**Student:** 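My questions will all concern the structure given below.
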There are 2 protein chains.
Amino acid sequence: MCGARDIRLFLPYLLRMIRARPYDRDVALDAALSLFWRKGYHATSLKDLEGALQMKPGSIYAAFDSKHALYLSVLERYFLRSRGELKALRERPGPILQGLADHLRAVARREADDPARSACMLVRTMLDATAGEAELGARARGYLDAIRAEIEAAFRKAQENGELTKAQDPARLAQRYQSNMTALRIEAHRGLDDAALIALAEEMAQEVEALRPN
Amino acid sequence: MCGARDIRLFLPYLLRMIRARPYDRDVALDAALSLFWRKGYHATSLKDLEGALQMKPGSIYAAFDSKHALYLSVLERYFLRSRGELKALRERPGPILQGLADHLRAVARREADDPARSACMLVRTMLDATAGEAELGARARGYLDAIRAEIEAAFRKAQENGELTKAQDPARLAQRYQSNMTALRIEAHRGLDDAALIALAEEMAQEVEALRPN
DNA sequence: TTGGCTGTTGAGCGATCACTCAAATCGGAT
DNA sequence: ATCCGATTTGAGTGATCGCTCAACAGCCAA
């Protein structure tokens, strides 16, 4: 009996929780992600963010605390998506090595189609972070490590499935795979023509496929 | 007879030309190179430069015109040194492939020893350059292209020397070599431990050596 | 010495930076 | 209709940005 009253009591707060905000946090974060990814941390000003997020400075600070904190949120968002892609790849049925190889091909194709090609945001953040924003660099490194761990897990699973010999070292293969991916995306950023970009990815992909013992 | 007078006439100007400047241009440029390389274009302020160059703003502008122009000078300096290393490599006696492979090993060792590891300045500049400084990006790309051309010339010479089969494509080999070098130096910047860094370079180097037909 | 030219100085310019806060605005409960 | 509290607003904060320039210092010829 007092249950009903309790619900009535908390209803306003529940409603408030789902009350439509004047801005959509996800949309705003995506806009910030796109902007920061394209321009980098230092070159992006609050004015730029105001335009991209369609929010006034006060609202931005109420919602995200600071430019620094917003960048961290955005970076985490980027990381979660990147790792998500890899997790999906590992949990997919079929040979793991094939999935890893195809991922390289897919990234190259995606970049080739994208008119605004841009290298990995984690790498860019790491390269950009100076002593003044040491935390940004540390975060980016941490995320890159987590992604490498994800790749290593994939190679390890491939090894369990007999797609690799016991002598091959998943940690080292993951290291090389990530280096290749980084290089591939930097070449995309550089503006390498589509054919060469896809050929480069193909070369890397075949090296992954060639790991399989026959 | 009028020759002597001419010399006497121009002597002041000749002396002025070699007159010791209050600052040493080469030293100043090296200091700027080090600073810009470490902090990047956007994160480096005039105050930082004043400190590093030991020059007041007026002198900096008298000598280098602007922060932008100074960065361009410094970038060219960096490029010339990088290309110089490769040119030396190509003109050295002995097998070219061996030289290219050893260069990868040497870079890894150099980075491992360097406490302030830093990725290639041209790559960093390219990744950092926004629409506002499109020229910086274009310059960096141009320099990277020139370096790739240098690598390609090395592979081509190796091919002429019979170190490569006729079927192998120097352009593509150069592309991959440069990608590997980029990735290697980014891993160095990332803070990859010395052993792993050197192992990564070794793997890349052996792939170059394996190109040789036997 | 003196005059003249070169190169240095550093206070200070307007613009822009990240950021704040008092006032206006809005949705929902009464 | 009226009020309340949450949210948005945007002019404005001090700090710092890249950069300028009138005044000054040092050197050499005369």
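Chain identifiers are assigned alphabetically (A, B, ...) following the order of the sequence lines, protein sequences preceding nucleic acid strands; residue numbering begins at 1 within each chain. In this text the structure is predicted, and so the values were computed from the model without any measurement.
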**Student:** Look at A/Lys56 and D/dG10 and indicate whether a side-chain polar atom (N or O) is within less than 4.0 Å of OP1 or OP2.
**Tutor:** yes
**Student:** Rounded to whole angstrom units, what separation is found between the CE atom of A/Met55 and the P atom of D/dT9?
**Tutor:** 8 Å
**Student:** Got a salt bridge between A/Arg105 and A/Glu111, using NZ or NE/NH1/NH2 to carboxylate O under 4.0 Å?
**Tutor:** no
**Student:** Between B/Asp26 and B/Arg77, is there a salt bridge with N-O shorter than 4.0 Å?
**Tutor:** yes
**Student:** Check side-chain contact (heavy atoms from CB on, under 4.5 Å) between A/Ser118 and all other residues, then give those that pass, not counting sequence neighbours.
**Tutor:** A/Trp37, A/Arg124, A/His189
**Student:** Quick one: does any side-chain atom of A/Tyr78 pair with a main-chain N or O of A/Met121 as donor and acceptor, under 3.5 Å?
**Tutor:** yes
**Student:** Measure the shortest side-chain to side-chain distance between A/Val208 and A/Met204 over non-hydrogen atoms and say whether it is less than 4.5 angstrom.
**Tutor:** no
**Student:** How many Å lie between CG on A/Leu49 and P on C/dT16, as a whole number?
**Tutor:** 17 Å
**Student:** Whole-Å distance between D/dT8 P and A/Arg25 CZ?
**Tutor:** 11 Å
**Student:** At under 4.0 Å between heavy atoms, how does the protein contact nucleotides 13-25 of chain D? Give one character per nucleotide, 5' to 3', with B, S or -.
**Tutor:** ----SSBBB----
**Student:** Taking 4.0 angstrom as the limit, do B/Arg139 and B/Glu135 come out as a salt bridge?
**Tutor:** yes
**Student:** Just the rounded figure in Å: distance from P of C/dA18 to CG of A/Leu35.
**Tutor:** 11 Å
**Student:** May I have the distance from A/Phe64 (atom CZ) to C/dT20 (atom P), rounded to whole angstrom?
**Tutor:** 16 Å
